[in-house]
Amino acid sequence: MTMASLPVITELDAARIRELGNRLPNEGAAFEPFQQLLSKVHQEAEIVPGRRISADVVTLNSTATFRDELTGTEHCVTLVYPADASIAERRISVLSPVGRALLGQSVGSVVSFEQPGGALREIRVLELNYQPEASGEYAR
């Protein structure tokens, strides 16, 4: 089992995540999901230029398949900014618990996250179906 390693986030994704706070009341200070994401960017992640990100790392606007390790259920989702989220279209916000967990993880990683209510879940990144940077899209 490959446990989650240091998340790797592109410079552009990190900058845009910081900018999300500018659109939130009090710059997101009281919004826990944003604070958790910001902490991941500032304290946990390795920040790299988009052209240097590995093609197997989940970035924003990537489509990834993951498995819930508790239920065995597989899901294919696109990780997006909050304004672009749509459950019906399987586009999940980077501010959601699963979205925060997926960002910066590589294929094969198992990452734990806390669900609303406090229960811990583990997901395994199975496949990266699409990554903008691997397709030469660095400014998406």
Check your understanding: His75: what forms a ring-ring contact (aromatic ring centres under 6.0 Å, His included) with it, not counting sequence neighbours?
Key ->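 Phe66.
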If I compare all heavy atoms of [X] with all of [Y], which pair ends up nearest, and what's the gap?
X	Y	answer
Val94	Pro82	CG1-CD, 4.4 Å
Ile47	Ala14	CD1-CB, 3.9 Å
Phe34	Arg18	CZ-O, 4.3 Å
Lys40	Ala101	NZ-O, 3.6 Å
Cys76	Arg90	O-CD, 3.3 Å

Practice item. Report yes or no: do Leu70 and Val110 belong to one cluster of Ile/Leu/Val/Met/Phe/Trp/Tyr joined by side chain heavy-atom distances under 4.5 Å? Key: no
Exercise for review: Group every Ile, Leu, Val, Met, Phe, Trp and Tyr by side-chain heavy-atom contacts under 4.5 Å, then state whether Tyr81 and Leu102 land in the same group.
Suggested key: yes
Short question: side chain of [X], backbone of [Y] - any donor-acceptor pair under 3.5 Å?
X	Y	result
Gln131	Ser54	yes
Glu127	Val107	no
Asp56	Leu128	no
Asn26	Ala29	no

Practice item. Please check if any side-chain donor atom of Ser93 sits under 3.5 Å from a side-chain acceptor atom of Ser96, or the reverse. Key: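 No, no side-chain donor-acceptor pair sits under 3.5 Å.
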Quick one: pull up [atom1] in [X] and [atom2] in [Y] and give me the separation to the nearest 0.5 Å.
X	Y	atom1	atom2	answer
Ile9	Glu46	CD1	CD	10.0 Å
Asn22	Glu27	CG	CD	5.5 Å
Arg16	Asn61	CZ	CG	8.0 Å
Ser62	Asn129	OG	CG	9.5 Å
Asp84	Thr78	CG	OG1	10.5 Å
Arg51	Thr10	CZ	OG1	12.0 Å

Exercise for review: Decide side-chain contact (heavy atoms from CB on, under 4.5 Å) for Leu60 and Val80; before the verdict, give the C-alpha distance in whole Å, the side-chain angles of both, and the deciding distance to 0.1 Å.
Suggested key: CA-CA 6 Å; Leu60 274 147; Val80 298; 5.5 Å; no
Practice item. May I ask you to decide whether Glu122 forms a salt bridge with Arg124, counting only side-chain N to carboxylate O separations under 4.0 Å? Key: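 Looking at Arg124 together with Glu122, the answer is no, because their closest N to O distance does not fall below 4.0 Å.
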Review point. Would you say the side chain of Ser112 lies within less than 4.5 Å of the side chain of Arg121, judging by non-hydrogen atoms?
Key: no
Check your understanding: Would you say the side chain of Pro97 lies within less than 4.5 Å of the side chain of Glu114, judging by non-hydrogen atoms?
Key -> no
Exercise for review: Decide side-chain contact (heavy atoms from CB on, under 4.5 Å) for Leu37 and Leu95; before the verdict, give the C-alpha distance in whole Å, the side-chain angles of both, and the deciding distance to 0.1 Å.
Suggested key: CA-CA 7 Å; Leu37 179 60; Leu95 292 178; 3.6 Å; yes
Review point. Pick one: which of Ile123, Leu79, Leu103 meets side chain to side chain contact (heavy atoms under 4.5 Å, CB included) with Val98?
Key: Ile123
Revision key, fill the gap. Besides Val48, the hydrophobic cluster formed by Ile, Leu, Val, Met, Phe, Trp and Tyr side chains linked at under 4.5 Å, directly or via other members, contains Val8, Ile53, Val57
